[in-house]
Colleague: 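I'd like to ask you about the structure that follows.
Note that this is a predicted model, so its numbers are computed, not measured. Numbers restart at 1 for each chain; the letters A, B, ... are given by sequence-line order, proteins then strands. Values below: all heavy atoms of this structure, side chains included; hydrogens, waters and symmetry mates excluded.
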2 protein chains.
Amino acid sequence: MKKDTLLTISERTGYSVSTVSRVLSGQGPKYRIAQKTIDYITEVARSCNYTPNLIAHSLRTNRTNTIGLIVPNIDNPFFSTLAAIIINQFKMRGYTLLLTDTMESETNEVQAVNTYVSRQVDGIIVVPVGNSPGYLEDIAGSIPVVLIDRYFEDTTLPYVCTDNYSGGYMATEYLINKGYRKLMAVQGVRTSMPNRERMRGFLQAASDHSASGVRKRTAGDSFSVENGYKETMAAMTSGDRPDAIFAFSTTILLGVIKAVKELGLRIPEDVALISFDNNRFLDYLDPAITRIEQPLHTIGEIATDSIIRMIESEDGHVSGQFQILIRPSLIEGRSC
Amino acid sequence: MKKDTLLTISERTGYSVSTVSRVLSGQGPKYRIAQKTIDYITEVARSCNYTPNLIAHSLRTNRTNTIGLIVPNIDNPFFSTLAAIIINQFKMRGYTLLLTDTMESETNEVQAVNTYVSRQVDGIIVVPVGNSPGYLEDIAGSIPVVLIDRYFEDTTLPYVCTDNYSGGYMATEYLINKGYRKLMAVQGVRTSMPNRERMRGFLQAASDHSASGVRKRTAGDSFSVENGYKETMAAMTSGDRPDAIFAFSTTILLGVIKAVKELGLRIPEDVALISFDNNRFLDYLDPAITRIEQPLHTIGEIATDSIIRMIESEDGHVSGQFQILIRPSLIEGRSC
DNA sequence: CTATTTTGCGCAATCGTTTGCGCTTTTACT
DNA sequence: AGTAAAAGCGCAAACGATTGCGCAAAATAG
C-alpha cells in the first residue's frame, strides 16, 4: 500500500488521468463517460484502495474544506463544549477542523490566524482575546471570519455572542426578587467585553431597583478560583457583608464557595450565590447553584451556518455584516 | 491584498522564482545567494506581506506539519484536558492539529482516519472506540499512529495509556486499608479495555484481601450518570448494603452521589466513595471526593514525543513498537 | 452514402512550491 | 594572461489533482 494516485489508476485501466479524475469525482455522467467505463474505473480504484490526495485537490481548487477554530483555553469546559458543538456541526457539513488553543495570549492568536491563512482554510471562527480587531479585519477581507463569545465594540466583523448584558441583568434581578438587597458582583478580566457587559447588566438592574433599597458593590479582576476566594474572604470578613454574591464565571464561583465554606457560612441562609455559565457539576454541589446558561448550541449553530454561507456565496469577495446577541437563560438551583 | 505568490515577488524583484523560494525559506546562504539579494527579496516580500501557501508547500514536500487527533467526546473534561495538553505540545513543535470528535462511534472513527489519510497528515493520535484495530494497523504501515487512553489486546500498534489495573487495585486497597469490607464497583462499558483493567484491579485487590473478610460485588454497564444512579439505588435499598462504592468514572460518580443524597445517606459515614479520573470540581463537592488521577500530562507528552520521533525518523517506513502503561496516582478527599 | 451531431475521451495547462542540475560571471591563483 | 575554482542565480521538472478545449469515432440525419 504505497501511493495510489490518479496516475496509477490511469495506467492500470488504460484510461487517461482526466477520465479517471472525472469518474472518481462523480463527474462521470456530466462529461458523458460511458457507464461501463465508470464502473470499470470505480472498481479498479476500489481494489487499489485509492485515496484522493486532498492536498493536491486543494491546491488546484483553492478550497480546503477546512475551518480554523481558535479558542482561548480548550481545557475550560465552557470552550470545550462550544468546540464540540462546532466540530460536529462542521463535520456534518463536510468540513474538517483545525483547532488552536491560544491560552489567552494575543500573540498566540495572531500566530494561529497567520498559520490558518497560510494553510488556506476556508474560514475562521475565533474567540478573540485582546482588544485589537485590526488584523482580523484585514484577514476578513479575504477569508470569512466570525467571532464568537467575545466581540469588539467598533468593528464590522460579524459575531455571534451571548447577550451578556441581559444575563447580568437577569441574574441580578433574580436576586433582588428573591429579597436580597446587599449585592456583590465578583467580576473577571475587566477589559473583556463579556465581563463588561455582565457588569453593565448588574449595575443597571441594581440601580433600577435602588428605590427598594438595593445596594451594590463590585470586586475582582480575573476569571480564576483565587480571585473568587480572595474577594469573598475580604467581603465576608468586612463589617458590611453582602447577602448575595454574583460570580461572573464558574471558576470565580468555586473560589467563592471555598471561602464561604471555610468561613462556616451557609448557602443560601448566610449568603446567596448565583453564577454565570452552566456546568453539569453545578447540580451536584451542595446546594445546587443557580446560574445563567449561555446558549452555546445556538451560538455554535449560527456561527457555523453563517460562515458556511459566506464561504459558499463567495462571488469574489466576502460580505457578511451580521452581529448577533442571543439571550441566555436562567437555571434554578437552591443557592438563592 | 489579493494573492501574493513567489511568482509575484519574482516579478517585482526581477529574480527567478527559484531564488525567491530559496531566500524566503531561509536557504539563501546554503545556495550562496548574495546577502544583498537576500535582504532585497526579504524586504519586498514583507512589503507585499507575502504569505507562503502551505498547501503547495505540502504537495511538493510531502509533509503537512499536521497531526490528526481523534477523541471520542471532546465535551468530556477528561478528553478536553488531554486534547489541550496534546495541542499545546504540538504547537510548540511546529505542528497544527486537526481534531475530530467521534462521539464514541466507530463509524465516525474510521471516517476520520480516512479523512486524515486523505489530508496527508504526518501522524495520527487516536483514542480508539470499538475493538477492531485492523484498519488502524493497516494505516500505521504508512503513517505513524499512536493510541492513547485505550488500546487493543493483541496489537502491534504503539500506545500510551494509564495503567488502569494499578489504578483499580490502588483504589480498592485504599478502601480496604480504611477499614471498608463490603465493596461495590460500578463499572462502565464492559468491553472497553480501561474498564476491564480497572475491574481486574478491583477484583484482584479484593481477593488478595479476602482473608480479612473483604467482600466484593460489581454492577453497571455504562459510563453515565444514570448508570451510577440506578445501580446505587438498587444496591443501597437492597438487604445487603455495600459500605464503600468504587465509581469507575466521574460521570458514574455523579450518579452515585445523586442516589446517595436522595436516600439521605451520609458520605463517608454511611457509605464511602472513591472514583476514577480527576476533575477540579471533585474538590468542591461535599465532601471532596477521593479519586484516582490519570497521568494525562505524561501521556500527552510521551505520545507527542514518540509520534514526532516516528515522523522525523521516517527512513522509508515507520517503526515504533512501544507500548507504555503509566501508573496513576491517588488524590485524597474526605469521602472515605 | 455524405453531412452533421452526439458520444466518449485525451491534451496540456494550471495551482504555488521545491530542488537537482547546470549555466554564466567573478574572483583567485600561478 | 590563462585556467581553475567559486559565487550567484535560473531552467524546468516534479507533487497530484482539475478542467477548458478539442479531436476521433459512432450514431443519426438527410
Side-chain angles (χ1 to χ4, degrees), chain A residues 2-42 44-45 48-66 117-122 142, chain B residues 1-42 44-45 48-66 115 117-122 142:
Chain A
K2 265 284 153 286
K3 37 181 57 181
D4 41 358
T5 72
L6 289 188
L7 202 266
T8 316
I9 314 234
S10 162
E11 286 166 347
R12 258 185 170 44
T13 58
Y15 286 97
S16 77
V17 171
S18 334
T19 301
V20 176
S21 167
R22 295 195 251 253
V23 167
L24 296 182
S25 60
Q27 312 253 33
K30 178 180 160 191
Y31 282 89
R32 331 183 279 269
I33 309 289
Q35 189 56 46
K36 43 185 296 193
T37 307
I38 293 186
D39 294 342
Y40 177 45
I41 291 182
T42 307
V44 172
C48 288
N49 73 36
Y50 165 76
T51 312
N53 184 322
L54 252 38
I55 296 294
H57 181 274
S58 293
L59 179 59
R60 181 58 227 252
T61 62
N62 211 28
R63 284 275 310 272
T64 55
N65 284 287
T66 306
V117 172
S118 244
R119 287 174 179 271
Q120 319 287 120
V121 298
D122 293 336
S142 43
Chain B
M1 213 193 347
K2 265 283 152 287
K3 37 181 58 182
D4 40 358
T5 72
L6 289 186
L7 202 267
T8 317
I9 313 227
S10 162
E11 286 166 348
R12 257 184 171 47
T13 59
Y15 285 97
S16 77
V17 172
S18 333
T19 301
V20 176
S21 167
R22 296 198 248 251
V23 168
L24 295 183
S25 61
Q27 313 253 34
K30 178 179 160 191
Y31 282 90
R32 335 183 275 271
I33 309 288
Q35 189 56 46
K36 42 185 298 192
T37 308
I38 294 186
D39 293 343
Y40 177 44
I41 292 183
T42 307
V44 172
C48 288
N49 74 39
Y50 166 74
T51 311
N53 184 322
L54 252 39
I55 296 295
H57 180 274
S58 294
L59 179 58
R60 183 57 229 252
T61 62
N62 210 28
R63 284 276 309 271
T64 55
N65 283 287
T66 306
T115 305
V117 172
S118 240
R119 287 174 178 271
Q120 318 285 122
V121 298
D122 294 336
S142 43

Colleague: If you check every side-chain atom of A:L59, which of C:dT17, C:dC15, D:dT19 has the closest atom?
Modeller: C:dC15
Colleague: Could you tell me how far apart B:N62 (CG) and C:dT19 (P) are, to the nearest whole angstrom?
Modeller: 11 Å
Colleague: Please compare A:G14 and B:L6 by the position of their nearest nucleotide in DNA chain C and report the one closer to 5'.
Modeller: A:G14
Colleague: Does D:dG8 have OP1 or OP2 under 4.0 Å away from a side-chain N or O of B:Y40?
Modeller: no
Colleague: Whole angstroms only, please: what is the OH-C1' distance between A:Y31 and C:dC11?
Modeller: 14 Å
Colleague: Side-chain donor-acceptor pair under 3.5 Å between B:S16 and B:T19, yes or no?
Modeller: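 B:T19 and B:S16 do have a side-chain donor-acceptor pair below 3.5 Å.
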Colleague: Side chain of B:A56 only, heavy atoms from C-beta on: which candidate in D:dG8, D:dA12, C:dG16 is closest?
Modeller: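 It is C:dG16.
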Colleague: Is any N or O donor-acceptor pair between the side chain of B:S16 and the base of D:dC11 shorter than 3.5 Å?
Modeller: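 Side chain to base: no pair present.
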Colleague: Starting at CD1 of B:I55 and ending at C1' of C:dT17, how long is that distance when rounded to a whole Å?
Modeller: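 From B:I55 CD1 to C:dT17 C1': 12 Å.
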Colleague: Between atom CD1 in A:I33 and atom P in C:dG10, what is the gap in whole Å?
Modeller: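 About 8 Å, once rounded to whole Å.
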Colleague: Where the side chain of A:A34 is defined as all heavy atoms beyond and including C-beta, which of C:dG16, D:dT19, C:dG8 is the nearest nucleotide?
Modeller: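 Closest nucleotide among those given: C:dG8.
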Colleague: Please list residues of residues 20-30 of chain A whose heavy atoms come under 4.0 Å from any atom in DNA chain D, ordered by number; otherwise none.
Modeller: A:S21, A:R22, A:Q27
Colleague: With a 4.5 Å heavy-atom cut-off, do B:T51 and A:Q120 have their side chains touching?
Modeller: no
Colleague: Starting from C1' on D:dC9, measure out to NZ on B:K36 and report it in whole angstrom.
Modeller: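 Distance check: B:K36 NZ to D:dC9 C1' gives 14 Å.
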Colleague: Check whether any side-chain N or O of A:T66 sits under 3.5 Å from a backbone N or O of A:V121 as a donor-acceptor pair, and report yes or no.
Modeller: no
Colleague: Between B:R32 (CZ) and C:dT25 (P), how many Å, whole number?
Modeller: 16 Å
Colleague: Rounded to the nearest 0.5 Å, what separation is found between the OG1 atom of B:T37 and the OH atom of B:Y15?
Modeller: 3.5 Å
Colleague: Output the single nucleotide from C:dC11, D:dC9, D:dG16 whose closest atom is nearest the side chain of B:T19.
Modeller: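 Of the options given, the side chain of B:T19 lies nearest D:dC9.
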Colleague: For B:R32, enumerate each residue passing the salt bridge (Lys or Arg N to Asp or Glu O under 4.0 Å) test, keeping only those at least two apart in sequence or located in another chain.
Modeller: none
Colleague: Regarding B:T37, tell me which of base, sugar-phosphate or nothing describes its non-hydrogen contacts under 4.0 Å with the strands shown.
Modeller: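 The answer is sugar-phosphate, as B:T37 gets under 4.0 Å only of primed atoms, P, OP1 or OP2.
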Colleague: Are the side chain of A:D122 and the backbone N or O of A:T64 linked by a donor-acceptor pair below 3.5 Å?
Modeller: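 Yes; judged by distance alone, with no hydrogens or angles, the pair exists.
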Colleague: Write down the distance between CD (A:E11) and C1' (D:dG16), rounded to a whole number of angstrom.
Modeller: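 Value for this atom pair: 13 Å.
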Colleague: Between A:R119 and B:N65, is a side chain to side chain contact (heavy atoms under 4.5 Å, CB included) present by the stated rule, with each step listed?
Modeller: CA-CA 10 Å; A:R119 287 174 179 271; B:N65 283 287; 3.8 Å; yes
Colleague: Rounding to a whole Å, what distance do you find between A:H57:NE2 and C:dG16:C1'?
Modeller: 17 Å
Colleague: Would you mind classifying the nucleic acid contact of B:Y15 as base, sugar-phosphate or nothing, using non-hydrogen atoms under 4.0 angstrom?
Modeller: sugar-phosphate
